[in-house]
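All figures in this text were calculated on a predicted structure; none of them were measured in a lab. Side-chain atoms are counted along with the backbone in the values below, which use heavy atoms only and exclude waters and symmetry mates.
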Amino acid sequence: MNDRIYRDSSGKTLDAYPRPSVAVDTALLTLAGDLGLVVFEVRRNNGRGWGLPGTFLHEGETLAKAVDRSLREKGGVAGFHPRQLHVFDDPTRDERGWVLSVAHVDVVQIDRLASRYVDSTRLAPVSAPGRLPYDHSDIIALAVEHIRSRYADTPDPDRLLGEEFTMLELRTAHEAVAGRGLQRDRFRRTMEPQLVATGAVAAGTRGRPAELFRRRP
């Protein structure tokens, strides 16, 4: 066992340097009917206002475990695997002290949020997330930008829809993510080569039956 204490080129140990606290904050995005693309928010501990689910990193804990803990304890949801989005490191971002936030993002089907704490969580449109603490609005904006880039030319990469869907359902989902209408023919030309026609049609639709597609493997 090596008992030597590490010292840098100036002879200082690691304890000689001030270190920030590390936090995680997560933007969970989903589609919620007429609200379009929404973000999952939790009521703040002091009961005043809303924010993204987050927590401080505990000693010996991985970032992924801290994210999971914050979602379970503050939001009542579990089973997600958010990916790292960006490190927000402005030394003045948190009035409580020097805190780095490792922001995470995930896009999920809305029924996976069914277990959420109803009284202390909400789904807010990404275009109007409310007055949030710290730089949570910036985290949401970056998460939305990231997701929109993923949806620009790939059919529903986060599987907000089921395994089979009509072209209209796919375009409607992409329009909700984009926050604007998409030109129908151009959208079809972009997406159709990446889809496989199932040979079946959607049940219960008015007018001409709509063809069902699935994503190409």
Side-chain angles (χ1 to χ4, degrees), residues 1-8 12-30 38-124 126 129-147 149-150 157-160:
M1 181 176 179
N2 187 358
D3 294 327
R4 294 182 59 188
I5 297 176
Y6 169 79
R7 295 182 183 276
D8 66 12
K12 293 181 179 180
T13 66
L14 293 180
D15 290 338
Y17 295 95
R19 284 172 282 182
S21 298
V22 178
V24 293
D25 293 296
T26 303
L28 275 185
L29 305 178
T30 189
V38 297
V39 61
F40 180 69
E41 297 178 356
V42 299
R43 190 178 296 278
R44 298 183 66 191
N45 288 337
N46 58 16
R48 294 180 297 174
W50 300 85
L52 295 177
T55 190
F56 285 102
L57 188 69
H58 290 177
E59 185 175 359
E61 186 177 43
T62 65
L63 293 170
K65 287 188 179 298
V67 168
D68 181 69
R69 176 169 54 81
S70 70
L71 293 174
R72 284 187 291 104
E73 295 181 356
K74 297 188 176 181
V77 295
F80 302 115
H81 302 285
R83 51 191 174 272
Q84 291 184 25
L85 177 67
H86 184 72
V87 176
F88 287 77
D89 61 354
D90 184 342
T92 65
R93 62 174 298 276
D94 192 323
E95 72 273 8
R96 296 170 298 182
W98 185 17
V99 181
L100 305 182
S101 175
V102 184
H104 289 67
V105 62
D106 203 358
V107 185
V108 302
Q109 294 180 355
I110 194 169
D111 58 6
R112 296 189 64 194
L113 301 177
S115 65
R116 68 188 178 97
Y117 298 144
V118 176
D119 293 336
S120 58
T121 66
R122 71 178 185 179
L123 299 175
V126 296
R131 297 181 62 182
L132 305 179
Y134 319 124
D135 44 17
H136 287 192
S137 293
D138 295 334
I139 293 174
I140 293 170
L142 187 61
V144 170
E145 179 183 341
H146 172 71
I147 296 308
S149 68
R150 285 169 51 81
D158 293 300
R159 284 170 162 69
L160 288 167

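Within the 4.5 Å cutoff, no side-chain heavy atoms of T121 are placed close to those of V77. Y134 has its side chain within reach of E95: a pair of non-hydrogen atoms, C-beta onward, lies under 4.5 Å apart. Using a 4.5 Å cut-off on side-chain heavy atoms (C-beta onward), D90 and D135 make no contact. V67 has its side chain out of reach of V102: every pair of non-hydrogen atoms, C-beta onward, lies at least 4.5 Å apart. Taking 4.5 Å as the limit, every side-chain heavy atom of H146 sits out of range of all side-chain heavy atoms of V107. D68 places none of its side-chain heavy atoms less than 4.5 Å from the side chain of F80. The shortest side-chain heavy-atom distance between V99 and F56 falls under the 4.5 Å cut-off. Looking at heavy atoms from C-beta onward, L142 lies in side-chain contact with F88 at the 4.5 angstrom threshold.
Using a distance-only test at 3.5 Å, with no hydrogens or angles considered, a donor-acceptor pair links the side chain of D94 to the main chain of R96. Under a 3.5 Å cut-off, the side chain of T26 and the backbone N or O of H104 do not form any donor-acceptor pair. Judged purely by atom type and a 3.5 angstrom limit, S115 uses its side chain to pair as donor or acceptor with the backbone of G76. No donor-acceptor pair closer than 3.5 Å links the side chain of H136 to the backbone N or O of G51.
Atom CG in L85 sits 11.5 Å away from atom CG in D106 (nearest 0.5 Å).
Of the charged side-chain nitrogens involved, none lies within less than 4.0 Å of a carboxylate oxygen, so that D89 and R93 do not count as a salt-bridged pair.
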When you look at K74 and D25, which way does the salt bridge (charged side-chain N to carboxylate O under 4.0 Å, His left out) test go after all the steps? CA-CA 12 Å; K74 297 188 176 181; D25 293 296; over 6 Å; no
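Evaluation of the side-chain hydrogen bond (donor to acceptor under 3.5 Å, both in side chains) rule for R112 yields no partner, not counting sequence neighbours. With sequence neighbours left out, E73 forms a side-chain contact (heavy atoms from CB on, under 4.5 Å) with R69.
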